[in-house]
Amino acid sequence: MRPAAEQLDLLRRGIDAITPEAEFVKKLEASARTGTPLRVKYGIDPTGIDVHLGHTVPLRKLRQFQDLGHTAVIIIGDYTALVGDPSGRSDHRAGLTKEQVEANARDYLAQVGKIVDLSRAEVRHNGDWFSRWTFLDVLDLTRRMTIGQVSAREDFALRLKSEKPVYLSECLYPLMQGWDSVEIRADVELGGTEQLFNLLVARDLQQDEGQPPQVAMTMPILVGTDGKQRMGKSLGNYIGVSEPPETQFGKVMSIPDEPMRQYFTLLTDLPMAEIDAMLAPGVNPRDAKEVLGKTIVSQYHGPEAAEAAAAAFRRRAAGEDPEEIPEVPVPRDQFDADGRITMPRLIVALKLDSSTSNARRVIEQGGVTIGPDRTPVTDPKAPIAVPDGLIVRVGKRKIARVRRS
RNA sequence: GGGUGGUUACCCAAGCGGUCAAAGGGGCCAGACUGUAAAUCUGGUGGCACUGCCUUCGCAGGUUCGAAUCCUGCACCACCCA
């Protein structure tokens, strides 16, 4: 195991705060001295199925702990998911059913495995203990915190003030999450900055149970591809770890310039000096973004796929057709007696658009071309003869080859 | 249990008897430009056999020549009082 100071240096990258930092240093030192791994907890609620780059920020940190010889403990919050985490929410989140939660949990782990080494990690479900609780146990837990403590939280206070509902079950959430730490005897817990309150509740509970309290390590919230709001599925500004390489790469290229530093710091292992050099004034941000895109994509799809995605992107930016043009069968009955068809119908048949109305509009805006010489299509009503193998382009990104069948 | 306000297109949100397929913003799509699927600007954004037709304003009825707009009932949401 590496010396504590060295570990601390590595672990500090990209974090927001360590609370309390002095305690963390002591834990690290004791761990290095005795060769005892720290137990590092990260909890996720299986509420959706897409793990995105925002989730990977703490997950990558967890992996970093693993690589330094510590023990990763992943909590699948199958019971907390039934409540819904109120953190950072301006309205309450509906709880899920048990069936949904179980299916989601499986999906989640498959995706988390791309970042964390699951063969070396402990995976626990908090239903393992909560499902056995009696109402008395619940009551006992609720005695550990006051309404005042709960309502002091900014997210709750805001909701109370704006007359939005705050459910009693939501107040239980931090206590449940905290109890997880007691069950697994956590030394460190990772989470986003908005998790600080929840992470600190565990400290009190652990102390009550005679355990050394955990240290809270909070990570910045990754901003989404819009460069404004936090990355999130519901906001549609996310990059999913399971998305295809081209999509991931394209989405990275579409982020504004400002969040690039954050992305580099939190999502790559490139040395900070190298990052600074790329983001220096006078350097074309597009080139830095390309490095960023390739680095991120190769984490999930490998370096070859990342290169290919970058090449495909460049080709498209240069206005060239992609290497592989998908062939789409168009049934005979779509054509009239003379073997012709109007352009909107062809576009829908090729699945390049979902409605003829919309296809018509795109044509009227000059967004549709056909054939190798890119002849623009201007009249949405005129039937045209369609030779087998005709290439149809809609906008900059959608393309297909007609396969008459 | 009582009261009040609300439910409009992908989202937010105007409209309160006809000129409403329904203002505005966001998002999304297309075009121009470029440093890229950044930024900026322009146009578009229910469907279709498209100068017309059909379906949409929580649900079901009703009044009217005519309803997103008025009436009745129902459902759901929020807040206030208890």
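Throughout, a chain's letter reflects where its sequence line sits, starting with A, and its residues are numbered from 1.
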Q: Whole angstroms only, please: what is the NZ-C1' distance between A:Lys398 and B:C29?
A: 7 Å
Q: Pick base, sugar-phosphate or nothing for A:Glu246, based on heavy-atom distances below 4.0 Å to the nucleic acid.
A: base
Q: When you match A:Asp353 and A:Gly250 each to their closest nucleotide on RNA chain B, which lands nearer the 5' end?
A: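 Nearest nucleotide further toward 5': that of A:Asp353.
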Q: A:Arg374: what forms a salt bridge (Lys or Arg N to Asp or Glu O under 4.0 Å) with it, not counting sequence neighbours?
A: A:Asp321
Q: Return the pairing partner of B:G35 with a 3.5 Å limit on both distances, Watson-Crick or G-U wobble; otherwise return none.
A: none
Q: What is the distance, to the nearest angstrom, from the CG atom on A:Leu352 to the C1' atom on B:A30?
A: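 It is 14 Å, rounded to the nearest whole Å.
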Q: Looking only at side chains, do A:Gln7 and A:His70 share a donor and an acceptor under 3.5 Å apart?
A: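 A pair is found: one side chain offers a donor N or O, the other an acceptor, under 3.5 Å apart.
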Q: Would you mind pulling out the nucleotide paired to B:G73, Watson-Crick or G-U wobble, both distances under 3.5 Å?
A: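 Result: B:C59.
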Q: Is there a salt bridge (Lys or Arg N to Asp or Glu O under 4.0 Å) between A:Asp353 and A:Arg360? Walk through the geometry before answering.
A: CA-CA 10 Å; A:Asp353 209 324; A:Arg360 155 185 298 268; over 6 Å; no
Q: Under the criterion side chain to side chain donor-acceptor pair (under 3.5 Å), which of A:Lys41, A:Arg39, A:Gln211 is the partner of A:Ser181?
A: A:Lys41
Q: For A:Gly366, which contact category applies under a 4.0 Å heavy-atom criterion: base, sugar-phosphate, or nothing?
A: sugar-phosphate
Q: In whole angstrom, what separates A:Arg374's CZ from B:G31's P?
A: 11 Å
Q: Round to the nearest Å and state the distance from A:Arg360 atom CZ to B:C48 atom P.
A: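 Going from CZ in A:Arg360 over to P in B:C48 covers 10 Å.
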Q: Provide the distance between the two C1' atoms, one in B:C33 and one in B:U40, to the nearest whole Å.
A: 8 Å
Q: Can you sort out which residues in residues 287-323 of chain A have a heavy atom within less than 4.0 Å of RNA chain B? Ascending by number, please.
A: A:Lys289, A:Phe313, A:Arg316, A:Ala317
Q: Distance alone, cut at 3.5 Å: any donor-acceptor contact between the side chains of A:Gln64 and A:Lys61?
A: yes
Q: Between B:A49, B:A37, B:G35, which nucleotide gets closest to the side-chain atoms of A:Arg345?
A: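 Of B:A49, B:A37, B:G35, B:A49 is nearest to the side chain of A:Arg345.
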Q: Using modelled atom types and a 3.5 Å cut-off, is there a donor and acceptor pairing between side-chain atoms of A:Gln206 and backbone atoms of A:Ala186?
A: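 Yes; at least one donor-acceptor contact below 3.5 Å.
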Q: Quick one: look up who B:U19 pairs with, Watson-Crick or G-U, both distances under 3.5 Å, and put none if it's unpaired.
A: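 None - no nucleotide pairs with B:U19, as no candidate has both distances under 3.5 Å.
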Q: With nearest nucleotides of RNA chain B determined for A:Thr247 and A:Val394 from heavy-atom distances, which residue corresponds to the more 5′ nucleotide?
A: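 Here A:Val394 is the residue nearer the 5' end.
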Q: Quantified in whole Å, what is the C1' atom distance between nucleotide B:C20 and nucleotide B:C57?
A: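 Those two atoms are separated by 10 Å.
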Q: Pick the P atom in B:C76 and in B:G24, then give their distance to the nearest Å.
A: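 Looking at atom P only, B:C76 and B:G24 are 35 Å apart.
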Q: Please state the C1' separation for the pair B:G58 and B:G52 - nearest whole angstrom.
A: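 Going atom to atom, C1' in each nucleotide, I get 31 Å.
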Q: Between the protein and nucleotides 39-46 of chain B, which nitrogen or oxygen pairs are less than 3.5 angstrom apart?
A:
from	atom 1	to	atom 2	distance (Å)
B:G43	N2	A:Gln365	OE1	2.8
B:G43	N2	A:Gln365	NE2	3.4
B:G43	N3	A:Gln365	OE1	2.9
B:G44	O4'	A:Gln365	OE1	3.4

Q: Could you tell me whether A:Asp269 and A:Arg60 make a salt bridge, using a distance below 4.0 angstrom between a side-chain N and a carboxylate O?
A: yes
Q: Measuring only the P atom in each nucleotide, how far is B:A68 from B:U55? A whole number of Å is fine.
A: 12 Å
Q: Which heavy atom of A:Thr71 sits nearest to which heavy atom of A:Pro37, and what is that distance?
A: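 Closest approach of A:Thr71 to A:Pro37: OG1-CB, 3.6 Å.
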Q: Quick one: A:Tyr238 OH to B:A37 P, roughly how many Å, whole number?
A: 22 Å
Q: Which of the following nucleotides, B:G27, B:C29, B:C50, is nearest to the side chain of A:Lys228?
A: B:G27
Q: Choose from B:A37, B:G35, B:G27 the nucleotide whose nearest atom is closest to any side-chain atom of A:Arg397.
A: B:A37
Q: Return the pairing partner of B:C10 with a 3.5 Å limit on both distances, Watson-Crick or G-U wobble; otherwise return none.
A: B:G26
Q: Tell me if the CD atom of A:Glu323 is crowded by more than 12 foreign heavy atoms within 6.0 Å.
A: no
Q: Say we look at B:G46 and B:U63: how far apart would their C1' atoms be, to the nearest angstrom?
A: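 Straight-line distance between the two C1' atoms is 29 Å.
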Q: What distance, rounded to whole Å, do you find between the two P atoms, one in B:U69 and one in B:C16?
A: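 Per the computed distance, 12 Å lies between those P atoms.
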Q: Write down the partner of B:G66 under the Watson-Crick or G-U wobble criteria, each distance required to be under 3.5 Å.
A: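 The base-pairing partner of B:G66, which may sit in any strand shown, does not exist here.
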Q: Under a 4.0 Å N-O cut-off, is there an ion pair linking A:Arg397 with A:Glu246?
A: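 No, A:Arg397 and A:Glu246 are not salt-bridged.
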Q: How many Å lie between CG on A:Asp257 and C1' on B:U34, as a whole number?
A: 12 Å
Q: How many Å lie between CD1 on A:Ile347 and C1' on B:C29, as a whole number?
A: 13 Å
Q: Can you tell me, in whole Å, how much space there is between the P of B:G5 and that of B:C10?
A: 29 Å
Q: Given that both distances must come in under 3.5 Å, which nucleotide forms a Watson-Crick or G-U wobble pair with B:C48?
A: B:G52
Q: Examine the side chains of A:Gln177 and A:Asn198 and answer whether a donor and an acceptor come within less than 3.5 Å of each other.
A: yes
Q: For residues A:His52 and A:Leu222, determine if any side-chain heavy atom of one lies less than 4.5 Å from a side-chain heavy atom of the other.
A: no
Q: For the pair made of CG in A:Asn237 and P in B:G26, what is the distance, rounded to whole Å?
A: 17 Å
